[in-house]
Amino acid sequence: MAHGISIIVILAAICLEIRAQDTVIQSTGDVMGYEGVSVTLNCSYTTSDINAYLFWYLQRPNQYPQYVLKRFALGGGENAVEFNRRFNASLDKATKTVPLTIEDVQLCDSAVYYCALRPTVTVTL
């Protein structure tokens with residue numbers, strides 16, 4: 001149920017050179033949604049890797065990037081436990097896209113979201 005609170009999800013324009021032919025491209029600009037609705041963030045990629053691994057991360061203000069989920073070009077993937085319920089992505093090999101959908105958007109979802117071809121955050125606790 002929408003409460004009229006505007007939620008801004010900031011996208012960072014990112015183009016990572018992993019190998020000479022590997023890139024990730026995200027839309028630039030803000031994505032706005034209202035509490036309780038769904039929001040989709042777009043990401044496209046190019047790679048010569050048959051089984052590409054695509055990752056989504058988020059970074060809240062004054063915090064480290066946080067792993068959200070990963071998807072494999074040959075099928076499958078997983079979500080981090082805290083993002084299991086409302087966050088989903090489907091990798092489409094034909095269009096080379098992996099959009100992230102956030103269901104039931106909440107104020108705490110406001111963050112910078114990153115799409116990546118390889119794991120980029122490693123934290124030992």
Side-chain angles (χ1 to χ4, degrees):
M1 173 171 229
H3 295 293
I5 298 173
S6 178
I7 297 178
I8 298 174
V9 179
I10 301 169
L11 285 179
I14 188 167
C15 183
L16 299 174
E17 284 289 328
I18 297 169
R19 284 186 246 144
Q21 66 276 18
D22 291 354
T23 58
V24 172
I25 300 170
Q26 289 181 244
S27 305
T28 59
D30 296 347
V31 173
M32 295 186 65
Y34 291 92
E35 191 171 18
V37 301
S38 65
V39 172
T40 299
L41 311 177
N42 295 311
C43 174
S44 61
Y45 68 94
T46 59
T47 183
S48 59
D49 191 347
I50 295 170
N51 188 23
Y53 286 43
L54 276 292
F55 295 80
W56 276 99
Y57 298 91
L58 66 77
Q59 186 171 13
R60 294 186 175 102
N62 303 315
Q63 294 185 10
Y64 293 108
Q66 191 175 5
Y67 164 73
V68 175
L69 58 79
K70 65 182 170 186
R71 296 295 182 262
F72 311 123
L74 295 180
E78 67 180 19
N79 287 35
V81 174
E82 61 269 33
F83 301 105
N84 239 354
R85 192 176 65 84
R86 298 183 303 110
F87 290 70
N88 192 28
S90 296
L91 191 149
D92 185 331
K93 290 187 294 187
T95 61
K96 294 201 172 186
T97 58
V98 60
L100 174 69
T101 300
I102 306 169
E103 301 289 339
D104 188 24
V105 170
Q106 306 191 4
L107 187 59
C108 63
D109 297 328
S110 294
V112 177
Y113 287 79
Y114 300 96
C115 180
L117 266 170
R118 304 234 187 269
T120 57
V121 177
T122 54
V123 177
T124 305
L125 298 175

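Quick note: residue numbers are just sequence positions, from 1.
- Partners of Thr101 according to the side chain to side chain contact (heavy atoms under 4.5 Å, CB included) rule, which considers only residues two or more places apart in sequence or in another chain, are Ser38, Thr40, Glu103.
- Listed here is the closest heavy atom pair of Leu117 and Tyr45: CD2-CD1, 4.2 Å.
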For a side chain to side chain contact (heavy atoms under 4.5 Å, CB included) check, start with the C-alpha distance between Ile102 and Tyr113, then their side-chain angles and the critical distance, and finish with the verdict.
CA-CA 11 Å; Ile102 306 169; Tyr113 287 79; 3.7 Å; yes
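- Using modelled atom types, one side-chain atom of Asn51 and one backbone atom of Leu74 make a donor-acceptor pair closer than 3.5 Å.
- For the salt bridge (charged side-chain N to carboxylate O under 4.0 Å, His left out) condition, the pairs that include at least one residue of residues 64-83, sequence neighbours left out, are Lys70-Glu78.
- For Phe87, the ring pair (Phe, Tyr, Trp, His ring centres under 6.0 Å) criterion is met by Phe83, not counting sequence neighbours.
- For residues 58-95, there are no disulfide bond (SG atoms under 2.5 Å apart) pairs, not counting sequence neighbours.
- Side-chain atoms of Gln26 do not come within 3.5 Å of backbone N or O of Leu41 as any donor-acceptor pair.
- Put simply, OH on Tyr53 and CZ on Phe72 are 5.0 Å apart, with the number rounded to the nearest 0.5 Å.
- When every heavy atom of Ser90 is checked against every heavy atom of Pro99, the shortest pair comes out as O-CD, 3.6 Å.
- The two residues Gly33 and Val39 have their closest heavy-atom pair at CA-CG2, 4.0 Å.
- Contact between Ala52 and Thr47 at its shortest, heavy atoms only, is CB-CG2, 3.7 Å.
- Two residues are said to be in side-chain contact when any heavy atoms from C-beta on lie closer than 4.5 Å; Val68 and Gln66 fail this criterion.
- Among residues at least two apart or in separate chains, there is no disulfide bond (SG atoms under 2.5 Å apart) pair with a member in residues 55-101.
- Sorted by first and then second residue, the disulfide bond (SG atoms under 2.5 Å apart) pairs involving residues 55-86 (not counting sequence neighbours) form an empty list.
- Pairs passing the disulfide bond (SG atoms under 2.5 Å apart) check and including a residue from residues 30-97, sequence neighbours excluded, read Cys43-Cys115.
- Evaluation of the salt bridge (charged side-chain N to carboxylate O under 4.0 Å, His left out) test over residues 84-97, restricted to residues two or more places apart or in two chains, returns Arg86-Asp109.
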Given the rule in the side chain to side chain contact (heavy atoms under 4.5 Å, CB included) test, do Asn42 and Val31 qualify, once you have shown the distances and angles that lead to the verdict?
CA-CA 10 Å; Asn42 295 311; Val31 173; over 6 Å; no
